[in-house]
Amino acid sequence: MPKTIKELADELKVSKQTIQYHYQRLPTKNRQKDSQGTNMISLTAERIIRDKVAKPSVANTQQTGSKKVTKTSKENNELIATLRREIEDLKSQRDKQLATKDRQIDHLTKLVDQQQQLQLATVADNRRLKDHVQKLSGQLTQKTNDNLSTGNDLFNIQDKKSKIAKQKIVKSGSNKDGIHTNRAIKRWWKFW
């Protein structure tokens, strides 16, 4: 007698979706529907579905059994020795890398220290040069002031000489009346 998908799923203790999946993949001649349109599984289709659902469970059981088979102690010892060698190799590689990084850090630290020392020396040189420039500019200013005062002294001497010259009679002349007049020399820059 034909069964429904739900009945077969309950009987095989699987989900309805699993039975539906296998039912849809059956050849068309093995699929049947009743008068209401419900899928009915014939005896032939039931055998095919049972075989398909049962195979995965048998395969799972066999896989579980093969996993339970343990390796011999010799194989385990070889595996442990191999893993220990790999660990030692990795440790030595790590130590080499760390040593290389330490050397790089030391080198960079020395470079930074040298750069700072050069910077300090440059700053000190700049200060000395600035002080020297200020000292030289002060001396230059003092010489300029001295030269100006010397120039003023010369100007004052010339000015006194010209005043004296004004007082002297440069030219005596007589006018129509025969009167002698004294004239002082007047220069054009003295008018203002």
Side-chain angles (χ1 to χ4, degrees), residues 5-6 8-26 48-162 188-190 192:
I5 292 177
K6 184 174 184 334
L8 185 60
D10 291 340
E11 196 175 301
L12 294 175
K13 297 180 182 177
V14 293
S15 66
K16 289 189 329 185
Q17 288 86 1
T18 305
I19 303 298
Q20 182 73 30
Y21 174 81
H22 292 294
Y23 179 77
Q24 289 175 351
R25 276 147 185 75
L26 290 175
I48 295 170
I49 292 173
R50 277 182 190 271
D51 289 341
K52 288 185 179 182
V53 171
K55 283 183 184 177
S57 63
V58 170
N60 287 338
T61 309
Q62 288 175 351
Q63 286 178 357
T64 308
S66 66
K67 287 181 182 177
K68 290 180 181 177
V69 175
T70 58
K71 296 182 179 180
T72 63
S73 62
K74 183 178 179 182
E75 290 175 341
N76 285 338
N77 290 339
E78 289 176 6
L79 180 62
I80 290 171
T82 305
L83 291 174
R84 285 184 178 162
R85 280 192 301 270
E86 286 182 20
I87 289 171
E88 290 301 320
D89 289 343
L90 290 173
K91 283 182 180 179
S92 67
Q93 287 177 359
R94 180 197 63 195
D95 292 342
K96 287 177 185 178
Q97 289 175 348
L98 287 175
T100 303
K101 293 296 177 189
D102 288 343
R103 284 192 302 272
Q104 290 174 346
I105 289 170
D106 289 342
H107 180 69
L108 290 175
T109 303
K110 287 178 185 177
L111 289 176
V112 168
D113 187 39
Q114 290 174 354
Q115 192 270 337
Q116 289 174 346
Q117 289 175 359
L118 286 173
Q119 185 70 25
L120 288 173
T122 304
V123 169
D125 287 344
N126 285 344
R127 284 185 186 149
R128 274 189 261 126
L129 288 173
K130 185 177 178 181
D131 292 342
H132 186 67
V133 167
Q134 288 177 346
K135 182 179 176 183
L136 289 177
S137 66
Q139 289 176 354
L140 182 63
T141 310
Q142 185 179 6
K143 283 187 178 184
T144 307
N145 289 340
D146 290 345
N147 287 342
L148 287 176
S149 64
T150 306
N152 287 339
D153 291 343
L154 290 175
F155 180 72
N156 289 338
I157 292 170
Q158 288 177 352
D159 195 35
K160 288 180 184 178
K161 286 181 181 178
S162 66
W188 66 270
W189 61 84
K190 302 284 181 172
W192 290 279

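FYI, the numbering just counts along the sequence from 1. All values derive from a computational prediction rather than experimental measurement.
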Would Asp10 and Lys6 pass as an ion pair if we require N to O under 4.0 Å?
yes
Between Asp125 and Arg128, does any side-chain N to carboxylate O distance fall below 4.0 Å?
yes
N/O donor-acceptor pair under 3.5 Å between Asn77 side chain and Ser73 backbone
yes
Worked check of side-chain contact (heavy atoms from CB on, under 4.5 Å) between Leu79 and Glu75
CA-CA 6 Å; Leu79 180 62; Glu75 290 175 341; over 6 Å; no
Which atom pair, heavy atoms only, marks the closest approach of Lys16 to Ile5?
O-CG2, 3.7 Å
Just verifying a value: how many Å separate [X] [atom1] and [Y] [atom2], rounded to the nearest 0.5 Å?
X      : Y      : atom1 : atom2 : answer
Ile19  : Leu12  : CD1   : CG    : 5.0 Å
Lys91  : Leu98  : NZ    : CG    : 13.0 Å
Leu90  : Asp95  : CG    : CG    : 11.0 Å
Arg25  : Ile48  : CZ    : CD1   : 14.5 Å
Ile87  : Arg84  : CD1   : CZ    : 8.0 Å
Leu111 : Gln116 : CG    : CD    : 11.5 Å

Residue pair Lys101, Gln104: steps toward the side-chain contact (heavy atoms from CB on, under 4.5 Å) verdict
CA-CA 5 Å; Lys101 293 296 177 189; Gln104 290 174 346; 3.5 Å; yes
Side chains of Gln93 and Lys96 in contact at under 4.5 Å (non-hydrogen atoms):
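Counting from C-beta outward, Gln93 and Lys96 never come under 4.5 Å.
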Begin from the C-alpha positions of Asp131 and Gln134 and carry the test side-chain contact (heavy atoms from CB on, under 4.5 Å) through to its verdict.
CA-CA 5 Å; Asp131 292 342; Gln134 288 177 346; 4.1 Å; yes
